[in-house]
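Proteins come first, then strands; the chains are lettered A, B, ... in the order of their sequence lines, and each starts at number 1.
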Number of protein chains: 2
Amino acid sequence: MPDSRLPGDPAPPLPPPGRATIADVARAAGVHASTVSRALNPATRGMVTEAVALRVAQAAERLGWRPSALAAGLRTRKSRTIGILVPDLVNPIFPPIVRAAETLLAAQGYATLVANTDNDPAREEMLISRMAEHLVDGLMLASAAEGTRAIELCARWSIPAVLINRRLPGVATSAVTNDDRHGIGLAVGHLVALGHRRIAHLAGPPGVSTAIDRREGFFEALRAAGLEPAAVVDASGYTRAAGQVAMQALLAGPSLTMPAFTAVVVANDMLCLGVYDVLQGCGLLAGADLSVTGFNDMPFVDLIDPPLTTIRIQHAAMGREAAEALLAEIAEPATPRRDTRLTPELIIRASTRAAKQES
Amino acid sequence: MPDSRLPGDPAPPLPPPGRATIADVARAAGVHASTVSRALNPATRGMVTEAVALRVAQAAERLGWRPSALAAGLRTRKSRTIGILVPDLVNPIFPPIVRAAETLLAAQGYATLVANTDNDPAREEMLISRMAEHLVDGLMLASAAEGTRAIELCARWSIPAVLINRRLPGVATSAVTNDDRHGIGLAVGHLVALGHRRIAHLAGPPGVSTAIDRREGFFEALRAAGLEPAAVVDASGYTRAAGQVAMQALLAGPSLTMPAFTAVVVANDMLCLGVYDVLQGCGLLAGADLSVTGFNDMPFVDLIDPPLTTIRIQHAAMGREAAEALLAEIAEPATPRRDTRLTPELIIRASTRAAKQES
DNA sequence: TGAGGCAATGCAATCGATTGCAGAAAATGC
DNA sequence: GCATTTTCTGCAATCGATTGCATTGCCTCA
């Protein structure tokens, strides 16, 4: 295949219009391939005479040469590729994160591999292995589930990694998350200021760092306000369906004659959709009959009915910071790990209203 | 890979640290590297004795060998990687497409590079070049803009490509799109059935295939119903802001005393958000005062106020079909190009109501 | 003028897997 | 029992770029 010419055939024509290699450029510029390599690589351009660099650059341009990331990567053991693992790209909190990360990485010359884990540990491991095969320079793990072996796998393949959105207990890995405690505090503070005294919490799935922190933040903020939690129920996942189930459980709580609470602090916007579903089913109106707060300010919750009061997290900043942390670790593996907490912000909309006067 | 462990199951032990190459496996199994290669590759396993294959497999397992996608790709000129270009991953119609494609591709052993073009031709070309450098086996182009050189670039690098969501005039490239004409027809038919006679169209940006098809579909359906279009305005892009501007233009139309239309067929859901904004600003209510239909049924338009009547497209099927078409072309470049139109479906919600009796 | 120093370039090995070809071994045919 | 296939395995080249080391040429300075 390399050269199937028969003896006597004319010499092969100039590099085919498809693909020029560094050797082709070398021939065209009248220098050795290694010189071409040095001339074309900004980092080593200094090792080459100005004139040669120019001649090589022109030859490369003329031949339409493009580097082969595979060949370079094979030699340097760097693919200039970063992997991003998300549980489910359709969950609207992830696209902004991925997008921000991808944009920053692209500007630094990195390509981005994206994959969905479906929260399935086996699938996650398979994907990490595959990314390792592709020799990704780093991995961004969004919402790694508890008990995941992702970190061990990254260590096994020596892939720098950064956690996004969720932390993992006891692992020395950089993470970019939200200050969940503070965020929930904002929600509770807002409700208290509106006069609510019986406040419930619809918590996230146990074992997930965001759920734990928000749960604890809830108790803490309530205590600070001198109140007792009216009710707490854990959702089984961050889904609309889980929100429905949990909300039903909350409403079916101890007091059957009247709701035991006037407001509910929900651990996440997606759960709120389920909460809205249940309220609608009961003929209740969020805001008017029961104040509801969410978390994330995911896209379009400003458009639902009623617009959701929620805690806005810095989606894009999360992706950016994580990408930066990762690049820092790639450039200098000895970089100390960082645990970045982004400060969230209270967004007041119509799903929270002043508590009715207690009669 | 058929490892579908349940959470809690004991995880298989991690292979020993370090990185084994095919040569290491060869040494361990007492055979030549080329034999290892053949034994490990399912396609060539048959060239090797059963016993040798087993011995090699065990050695590979024991050493924790993983293939190097870079090395293999360099040699075979196939990276087992597919690129997906979207204008903006944050636009909610894309995540379902990307996700479906990624899932199918992952099952076939492909990794997926995702990048955002921001509708910027220069950026798009840069990204395609970069993907070419990474030797992607194929490219999925979601919503390629008119006048893009993407197709030429793919041809230049001989990268099989498939268009998603939008077609491009005059290019012989497979495409998976929606039957936009039919979809708009459903919307018009629905409004006509509700008694509307003065129907306007808020069209998409000129030059974009979806906008053109929907525009034409609108005229066609109206003609079929024996009606004249009440008004038509083009939006400058598929964005909420463009929707606002276009809606204002529609309302400021010829008749200043009364709206010249009782219903508006909008080219896309995102534009509808702008339409809602304007209506709200005028104290008008979608549904009650003016019927509105969208297109795409993007996530969460069922939750906005009022829930949007729209045309549901098959997001996931679009990603899947496109991935399949692409894989077919990769496997057999002579595969005839296909132009797949997916049939959309009318989803009736509260933004459309029976026309008020004309007095 | 010749030794020493330095800068620019060439040489060749290397990264890890694949594959055409050739040789060895085993199976088959006559 | 020998020639001929058919299997199976090994050898070595190859993919395209990078890089440590060797070489060349030029400049400087004694």
Expected rows: protein N/O vs nucleotides 4-7 of chain C N/O, under 3.5 Å:
none

Between S68(A) and E133(B), is any side-chain donor less than 3.5 angstrom from a side-chain acceptor?
no
Expressed in angstrom and rounded to an integer, what is the separation of [X] atom [atom1] from [N] atom [atom2]?
X      : N       : atom1 : atom2 : result
M47(B) : dT19(C) : CE    : C1'   : 8 Å
R45(A) : dT9(C)  : CZ    : P     : 13 Å
N41(B) : dT19(C) : CG    : C1'   : 11 Å
R55(A) : dA8(C)  : CZ    : P     : 14 Å

Restricting to pairs with a member in residues 159-171 of chain B, which pass salt bridge (charged side-chain N to carboxylate O under 4.0 Å, His left out), not counting sequence neighbours?
R167(B)-D213(B)
Considering only residues two or more places apart or on different chains, which pairs with a residue in residues 38-57 of chain A satisfy salt bridge (charged side-chain N to carboxylate O under 4.0 Å, His left out)?
none
Could you tell me if the side chain of [Y] sits less than 4.5 Å from the side chain of [X], heavy atoms only?
X       : Y       : result
T81(A)  : T112(A) : no
H134(A) : S79(A)  : no
Y110(A) : D137(A) : yes
I82(B)  : L113(B) : no
M126(A) : R130(A) : yes
L163(A) : T177(A) : no

For V52(B), which contact category applies under a 4.0 Å heavy-atom criterion: base, sugar-phosphate, or nothing?
sugar-phosphate
Using a heavy-atom cut-off of 4.0 Å across all strands, would you classify V31(A) as base, sugar-phosphate, or nothing?
sugar-phosphate
T103(A) side chain vs R99(A) backbone, donor-acceptor pair below 3.5 Å:
yes
If you count every heavy atom of other residues, nucleotides or ligands that lies below 6.0 Å from R149(B) atom CZ, does the total exceed 12?
no
Relative orientation of the end axes in the helix from dT1(C)-dA30(D) to dC30(C)-dG1(D), expressed as an angle to the nearest 10° (five pairs per end)
50°
Under 3.5 Å, which N/O atoms of the protein pair with N/O atoms of nucleotides 22-28 of chain C?
none

Could you walk me through whether T117(A) and V86(A) satisfy the side chain to side chain contact (heavy atoms under 4.5 Å, CB included) test, starting with their C-alpha distance in whole Å, then the side-chain angles of each, then the deciding distance to 0.1 Å, before giving a yes or no?
CA-CA 6 Å; T117(A) 67; V86(A) 296; over 6 Å; no
Less than 4.0 angstrom from a charged side-chain N to a carboxylate O is my criterion; do E102(B) and R123(A) meet it?
yes
Protein proximity profile, nucleotides 11-16 of chain C - base contact B, sugar-phosphate-only contact S, no contact -, cut-off 4.0 Å on heavy atoms
BBBBBB
